[in-house]
Amino acid sequence: MNITILSTSPRKNSSSLRFSKYLKSLSQEAGFDQIEIVDFENYDVPFFGQGFIKKDNLSAFQEKLISAWAKADLVFIVMPEYNWFPDAELINLLNQLGGKDFAHLFGEKTFALAGVSSGRGGKLPAIEMTVMLGKLINFLNQYSVISSRIYESHETHVNLNENGELANDNTVYENSVKAFVDYSIQIAQRWNRGKA
């Protein structure tokens, strides 16, 4: 099974990237090695209405993103919470990809969502993204599943260091992230078995 982790914060060494690295290590511990993190630090997608992603003329970032997403069976979307909303980059990206040229990115996938906060938050962006992804899957007439278990990474900078390793002995945090990863993998495996 191929796993892609989208770390959607454009900030360098963001909390989203820390959490994405931790997801990767837990997925490796679960026995998976085909895992790619796409960090949005080099995000260069034009704002919708001011330009478009052209499938035959992709930038290096766009090529990496679309290639990793296309081959993934499980797509973790890790997004920061900014004033109770997902980041503008992710919303813009989904607007850009929500057409026939990139419809395949929303088909035959399992999506698992995590919101990241430096304080106590992350739930609302994940809930909002569940709705947006569901509408795109439906509109593009694709078959995918969005995992019902979302994750809220609270005080991420306290719990994880820059390498995505546990920074303290917070067993509640550790166990809850493991449960999120295990659940997401199980949903993806069941979905993959059920595909025609």
Side-chain angles (χ1 to χ4, degrees), residues 1-43 64-81 86-87 89-90 93-94 105 109-130 133 144-192:
M1 183 169 66
N2 284 296
I3 299 173
T4 292
I5 304 169
L6 304 181
S7 176
T8 72
S9 172
R11 294 180 177 173
K12 186 176 177 64
N13 298 320
S14 67
S15 291
S16 298
L17 184 57
R18 290 180 187 208
F19 188 76
S20 295
K21 289 176 180 178
Y22 189 46
L23 288 182
K24 181 177 181 178
S25 69
L26 292 177
S27 298
Q28 288 171 325
E29 286 178 17
F32 299 93
D33 57 6
Q34 296 177 349
I35 307 164
E36 186 168 359
I37 295 175
V38 180
D39 180 10
F40 277 34
E41 182 184 342
N42 295 314
Y43 182 94
K64 179 179 180 180
L65 168 74
I66 290 167
S67 174
W69 187 337
K71 69 183 178 187
D73 301 298
L74 171 57
V75 180
F76 284 105
I77 300 179
V78 178
M79 67 206 92
E81 178 175 298
D87 54 294
E89 290 80 8
L90 177 58
L93 177 68
L94 293 179
L105 298 177
K109 311 282 180 208
T110 298
F111 294 96
L113 308 174
V116 175
S117 176
S118 59
R120 307 289 290 176
K123 185 175 188 174
L124 283 177
I127 290 171
E128 291 161 0
M129 208 42 54
T130 298
L133 277 172
S144 283
V145 64
I146 303 168
S147 176
S148 58
R149 180 172 286 183
I150 61 176
Y151 192 78
E152 306 168 63
S153 178
H154 298 162
E155 300 174 340
T156 307
H157 67 291
V158 173
N159 288 300
L160 298 172
N161 65 26
E162 287 187 9
N163 298 317
E165 301 163 338
L166 289 170
N168 55 47
D169 290 330
N170 187 338
T171 55
V172 172
Y173 185 86
E174 179 181 10
N175 291 337
S176 63
V177 180
K178 283 182 179 179
F180 169 69
V181 170
D182 290 344
Y183 187 92
S184 303
I185 288 170
Q186 287 182 39
I187 293 294
Q189 289 173 326
R190 289 183 184 192
W191 175 248
N192 285 340

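No hydrogens, no waters, no symmetry mates; every other heavy atom, side chains included, goes into these values.
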Just distance, no hydrogens or angles: give the donor-acceptor pairs under 3.5 Å from side chains in residues 34-42, sequence neighbours left out.
residue : atom : partner : partner atom : Å
D39     : OD1  : E41     : N            : 3.2

Any non-hydrogen side-chain atom of [X] less than 4.5 Å from a side-chain atom of [Y]?
{"X": "I77", "Y": "L133", "result": "yes"}
{"X": "L166", "Y": "Y173", "result": "yes"}
{"X": "V158", "Y": "N170", "result": "no"}
{"X": "W191", "Y": "L74", "result": "no"}
{"X": "V75", "Y": "T110", "result": "no"}
{"X": "V181", "Y": "S27", "result": "yes"}
{"X": "I5", "Y": "I3", "result": "yes"}
{"X": "Y183", "Y": "S148", "result": "yes"}

Passing candidate, ring-ring contact (aromatic ring centres under 6.0 Å, His included) with F76, options F180, Y22, Y151, F111: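 Answer after filtering F180, Y22, Y151, F111: F180.
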
Exam field: side chain [X] to backbone [Y], donor-acceptor pair closer than 3.5 Å:
{"X": "S147", "Y": "A112", "answer": "no"}
{"X": "S67", "Y": "K64", "answer": "no"}
{"X": "N2", "Y": "D73", "answer": "no"}
{"X": "D87", "Y": "M79", "answer": "no"}

Distance-only polar pair, side chains of Y43 and T8, donor-acceptor under 3.5 Å: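 No.
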
Any side-chain donor near an acceptor of the partner, E165 and N161, under 3.5 Å: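 Per modelled atom types, E165 and N161 side chains form a pair under 3.5 Å.
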
Non-hydrogen atoms of K109 and S144 that approach each other most closely: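 Taking K109 first and S144 second, the nearest heavy atoms are N-OG, 3.0 Å.
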
Residue pairs fulfilling salt bridge (Lys or Arg N to Asp or Glu O under 4.0 Å) with at least one residue in residues 20-32, sequence neighbours excluded: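 Listed once each, the pairs would be none.
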
Counterpart residues, side-chain contact (heavy atoms from CB on, under 4.5 Å), relative to S15 (two or more places apart):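 In terms of side-chain contact (heavy atoms from CB on, under 4.5 Å), with neighbours along the sequence ignored, S15 is linked to V116, T156, H157.
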
